[in-house]
Amino acid sequence: MANKNNYAVIGIGQFGSSVCETLAEAHQDILAIDKNEDVVNEYANMVTRAVIADAQDEEAMRELDLGSFDNVYISVGNIQASIMATLIVKELGAKNIICKAENENHARVLEKIGADYVVRPERDMARRMVFHQLHLNIANYLILNHELTLAEIEVKSPDFCEHTLKELNLRDTYQVNVIAIVSGEQVNKLPQADDMLHCGDHISVVGDVGSIQKLSSVIANE
């Protein structure tokens, strides 16, 4: 089971409800907050605690002790309310504030006032879909920052099968680091130079997009 932290989710719309459901599946402690009584009642049996409250009401947020939470998700549809909620939660001292932004300007404001991470679900999903279409050999990926990407690639080429990481020398040849090897149900989280790749394995690599694309074009082709 994952380490247990406490989470507050402010705004139980499409994004907030998905966050609640995912956290509930991981058996985390969740405080769900929304102005809509029907929505709160719907999620009351799923989360640890569900409360009817206005995210812009500083006193209500203080009474809920949001400053003590490890993670606060702010998913309020109204931009002004989202900004106010972020300001309040930041001033209360929450450790990690994750906000949903409606557009680029909204995202910039949220970052300026202290959001630790800003997501734009529609944009991010579109980028993932396009990236997958452009790089079909890459099974999954995560952009870590503007320089680094984490990607999962299946080993198909015979030129890479039954060779050790030392023999393949992927770091020098392709400028990527292998951080995990998945062989069936076995996961090697700390691969060593003498570990061998087999056809059908999935490797997790870190590098820039160009380097990962170059590697995937050869290692994932049979």
Distance-only check: which donor-acceptor pairs under 3.5 Å involve side-chain atoms of residues 37-48, not counting sequence neighbours?
{"residue": "Asn41", "atom": "ND2", "partner": "Glu37", "partner atom": "O", "Å": "3.3"}
{"residue": "Tyr43", "atom": "OH", "partner": "Glu21", "partner atom": "OE2", "Å": "3.2"}
{"residue": "Thr48", "atom": "OG1", "partner": "Ile30", "partner atom": "N", "Å": "2.9"}

If you look only at distance, which donor and acceptor atoms sit under 3.5 Å apart when one is on a side chain in residues 197-210 and the other is two or more places apart or in another chain?
{"residue": "His198", "atom": "ND1", "partner": "Glu162", "partner atom": "OE1", "Å": "3.0"}
{"residue": "His198", "atom": "ND1", "partner": "Glu162", "partner atom": "OE2", "Å": "3.1"}
{"residue": "Asp201", "atom": "OD1", "partner": "Ser183", "partner atom": "OG", "Å": "2.9"}
{"residue": "Asp201", "atom": "OD2", "partner": "Ser183", "partner atom": "OG", "Å": "3.2"}
{"residue": "Asp201", "atom": "OD2", "partner": "His198", "partner atom": "N", "Å": "2.8"}
{"residue": "Asp208", "atom": "OD1", "partner": "Gly210", "partner atom": "N", "Å": "3.1"}
{"residue": "Asp208", "atom": "OD1", "partner": "Ser211", "partner atom": "N", "Å": "2.7"}
{"residue": "Asp208", "atom": "OD1", "partner": "Ser211", "partner atom": "OG", "Å": "3.1"}
{"residue": "Asp208", "atom": "OD2", "partner": "Ser211", "partner atom": "OG", "Å": "3.3"}

List, one per line, each side-chain donor-acceptor pair under 3.5 Å for residues 185-193, sequence neighbours excluded.
{"residue": "Asn188", "atom": "OD1", "partner": "Leu190", "partner atom": "N", "Å": "3.1"}
{"residue": "Asn188", "atom": "ND2", "partner": "Asp195", "partner atom": "OD2", "Å": "2.9"}
{"residue": "Gln192", "atom": "NE2", "partner": "Leu190", "partner atom": "O", "Å": "2.9"}

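Residue pairs that meet the salt bridge (Lys or Arg N to Asp or Glu O under 4.0 Å) test with at least one member in residues 90-102, sequence neighbours left out, are Asp70-Lys95, Lys100-Glu102. Every pair tested for disulfide (SG to SG under 2.5 Å) that includes a residue from residues 56-111 fails, sequence neighbours excluded, so the list is empty. Within the structure, the disulfide (SG to SG under 2.5 Å) test picks out no pair touching residues 23-90 (sequence neighbours left out). Screening residues 52-64 for side chain to side chain donor-acceptor pair (under 3.5 Å) gives Glu58-Arg62 as the qualifying pairs, with residues at least two apart or on separate chains.
By the side chain to side chain contact (heavy atoms under 4.5 Å, CB included) test, Ala55 pairs with Ile10, Val76, Ala85, sequence neighbours left out. Partners of Arg49 according to the side-chain hydrogen bond (donor to acceptor under 3.5 Å, both in side chains) rule, which considers only residues two or more places apart in sequence or in another chain, do not exist here. Applying the side-chain hydrogen bond (donor to acceptor under 3.5 Å, both in side chains) criterion to Asp116, with sequence neighbours excluded, gives no partner residue. Listed by chain and residue number, nothing satisfies the side chain to side chain contact (heavy atoms under 4.5 Å, CB included) test with Glu25 (two or more places apart in sequence, or in another chain). Partners of Asn78 under the side-chain hydrogen bond (donor to acceptor under 3.5 Å, both in side chains) rule, at least two apart in sequence or in another chain, do not exist in this structure.
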